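These numbers come from a predicted model, not from an experiment. Just so it is clear: chains get the letters A, B, ... in the order the sequence lines come, proteins before strands, and each one is counted from 1.
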Amino acid sequence: MLTPEIRGNEDVLKISNLNVIFHTYAGEVKALNGVELSVKKSELLGLVGESGCGKTVTSLSIVGLLPPNAEVVSGEILLNGKNLLTMTKEEMRKARLKDVAIVFQDPLTYLNPVLTVGSQITEIIATDTQIFLPKLLEHRLDEIVQVENEKGQLDTELLSEKQRLNSAVETGKLDANEIKRLTRNYVLSILRSVRLPHPEKALESYPFELSGGMRQRAMIAMALIRRPKLLLADEMTTALDVTVQAQILQLMKELRNEIDASVILITHDLAVVAEVCDRVAVMYAGDVVEVADVDELFKNPLHPYTRGLLASIPRVDATIDQQSSIGGSVPNLIYPPSGCRFHPRCPKAFEKCSQAKPELVEVSPRHLVSCFLYEE
Amino acid sequence: METNPQSEAVQYGRGADIRHALHLLKRNRIVLAGAIVSVAFVMLALLSGLLVNPSSWNQQNSNVILCWNNPAINWHIINVFNCGGTVYPLGTDLYGRGLLQMIILAIPVDLWIAFEVVASAVIIGVILGGLAAYMGGLVDEIILRVTDIFLAVPGILLAIVLLVVLGRSIPVLTAAVLITWWPFYVRLVRSQVLGEKEKPYVERLHAMGAPGFRILFRHVVPNSIFPVIVQATLDIGAVILTVSALMFIGLTPDPKFPELGNLAKQGIQYLFTAPWLILFPGLTLLFISIGFNLLGDGIRDIFDPRLRR
């Protein structure tokens with residue numbers, strides 16, 4: 001596979017030749033068929049495709065939470081050069097704790113109904129305090145430095161606190177009450193950064209007392225609190241109404257610069273992708289069929305499936321009869337089509353399509369497509 | 001945004017929880033009655049040492065055996081002895097002790113045994129049932145088969161055997177009842193945890209890298225505990241009935257021991273000459289059981305945040 005032109009920084013995540021099958025009573029579901037995907041540092045990658053094309057299976061493979069009947073047949077998932085698939089359970093847990101965060105679709109069911117939002121957000125710090133202590137100290141010291149810069153000097157209280165925290169940075173130890181105070185302070189600042197109104201009150205609320213948008217913000221805060229290198233947003237805005245959706249997307253766009261993390265935005269909504277993403281990967285039936293920068297993809301879609309997908313976006317000015325759609329239906333992945341998995345539905349299919357699987361190749365700079373139409 | 005008006009702030013947090021619980025309690029009259037009865041019995045049990053001399057059960061007063069001097073109730077029995085000047089509101093028993101005093105002494109004994117049995121059963125149930133459901137596989141299999149062994153033996157029979165072999169004492173009685181009781185809690189907790197651990201928030205916790213034991217005991221167990229609390233409250237009454245039954249068939253540490261079943265047992269021979277001997281301990285048992293049963297139903301409504309809004 002050709003690597004796309006590098007933007008001056010390396011891949012945070014690199015998935016190569018990932019094959020995942022599900023063992024079911026009806027047979028083996030070949031859910032992922034050699035997925036190739038890479039995410040750059042601080043990049044917002046959109047992963048689009050229709051239901052059942054393997055978007056969620058890809059994201060669950062990354063966090064190592066595939067259901068028990070799934071099996072990774074081959075492939076590797078490199079996060080900063082470390083293969084997530086060969087990690088032990090405990091290493092994987094540490095990786096999820098520190099490096100990879102995931103935000104799910106429905107914020108209500110993904111929150112524990114009997115604990116307050118605050119205790120659920122702070123919990124992750126409380127369980128592995130040693131990992132988070134440097135972050136807590138750094139955050140508070142930054143705040144103190146900010147005050148110092150604004151006022152020119154510190155009052156005695158802040159000065160003594162600064163000394164205490166600085167010594168804690170060296171020893172790596174701090175008493176429990178101080179940690180609690182720092183945690184609360186840190187969590188509140190994260191809640192403010194996700195624009196959650198009344199953060200103090202929200203901390204003491206139960207999930208059902210918050211609105212959908214507030215819950216999703218709390219979920220995002222939960223992910224951000226770990227300062228992950230990679231954030232997976234799985235249908236993050238699907239359960240929200242359109243106005244809240246716009247706010248959350250705007251927030252993601254703003255945060256991306258602040259948190260210095262790569263984001264994979266998994267969605268079936270092309271409008272969302274066009275709105276926020278830098279690059280888009282289109283999936284079909286377990287294959288990545290096209291990867292391109294967002295403007296390039298919408299202006300110049302190459303793969304017949306991408307073209308069909310873009311043509312079938314509902315238009316306000318068209319009646320339902322004028323609406324185009326892709327003929328045929330999603331293949332049964334227990335018996336996937338031979339060769340290119342899209343060929344039975346492809347208007348431009350020719351003989352070779354049913355015989356061999358096309359590679360994902362770079363046809364123009366930073367534009368990859370897996371289709372024989374563009375092979376030399 | 002930083003300063004919330006006081007009136008808004010009180011809508012949240014612990015204070016609001018308690019007020020909401022009381023509000024739910026007030027709305028449901030039957031549960032309120034159950035709560036009052038149970039709380040009254042618990043208060044009575046706590047204060048019994050102050051109301052009655054705790055060692056008075058061991059004394060004997062042969063002058064006032066089986067007497068009745070309460071004019072409010074006329075038993076229409078010819079041979080009712082008079083107790084002389086001393087007041088015994090519920091009459092006296094075989095040993096000449098005031099029955100009311102004995103019942104007051106018996107309530108904490110019964111409640112304490114019931115509390116010990118149920119609390120231990122809940123703890124065992126949460127730990128074993130939680131682990132069985134959460135870990136699955138071999139652990140699940142071993143724990144379930146062990147509970148099966150205990151469930152296979154008839155409860156009362158096992159308790160009788162243990163009391164006869166190990167001697168009749170309160171600790172043995174407590175242990176004997178517990179041994180027949182805990183397997184139900186293991187099964188109950190296991191079934192609840194099995195359902196709860198598939199919920200999306202558990203998936204999220206895994207995705208956040210939370211340690212397994214923390215997920216189980218801090219998230220899954222509290223979410224599965226409501227049916228267990230209800231069952232435990234109902235079982236307070238049931239354990240008291242079982243303990244009384246064992247005492248009633250004669251497995252007492254001492255024939256004079258103040259325990260409701262044992263007190264009722266004395267009266268069986270004097271059913272027609274001194275009916276109060278069996279009536280009042282029996283009524284006390286009835287009220288305790290009903291009280292805790294009604295309370296059990298109410299507790300679910302009050303402590304389950306999912307039933308609010």
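For chain B, the nearby part of A:Val100 is the backbone; its heavy atoms alone come within less than 4.5 Å. When heavy atoms are compared at a cutoff of 4.5 Å, A:Ser119 approaches chain B by way of both its backbone and its side chain. A:Leu115 touches chain B through its side chain: at least one heavy atom from C-beta onward sits under 4.5 Å away, while N, CA, C and O do not. Of the atoms belonging to A:Met219, it is side-chain heavy atoms, and not backbone ones, that fall under 4.5 Å from chain B. Using a 4.5 Å cut-off between heavy atoms, A:Leu60 contacts chain B through its side chain alone, with no backbone atom that close.
Counted within 6.0 Å of CZ on B:Arg145, heavy atoms from surrounding residues, nucleotides or ligands total more than 12; the atom is thus considered enclosed.
When each of A:Ile124, A:Ile102, A:Val103 is checked for heavy-atom pairs under 4.5 Å with chain B, A:Ile124 comes out on top. With respect to chain B, the highest number of heavy-atom pairs below 4.5 Å among A:Lys98, A:Glu123, A:Met222 belongs to A:Glu123. Per-residue counts of heavy-atom pairs under 4.5 Å with chain B were compared for A:Leu111, A:Val63, A:Leu203, A:Asn112; the largest is that of A:Asn112.
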* Asked: Please walk me through it: do A:Gln120 and B:Arg204 pass side chain to side chain donor-acceptor pair (under 3.5 Å)?
  -> CA-CA 11 Å; A:Gln120 294 188 61; B:Arg204 187 209 86 220; 3.2 Å; yes
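The residues A:Arg215 and A:Glu209 are annotated as not salt-bridged, no charged nitrogen and carboxylate oxygen being separated by less than 4.0 angstrom. Ionic pairing of A:Glu90 and A:Arg93 is present here: one or more N-O contacts between side-chain nitrogen and carboxylate oxygen are shorter than 4.0 angstrom.
Ring-centre distance between B:Trp182 and B:Tyr185: not below the 6.0 Å cut-off.
The aromatic rings of B:Tyr201 and B:His219 are tilted relative to each other, their planes meeting at an angle between 30° and 60°.
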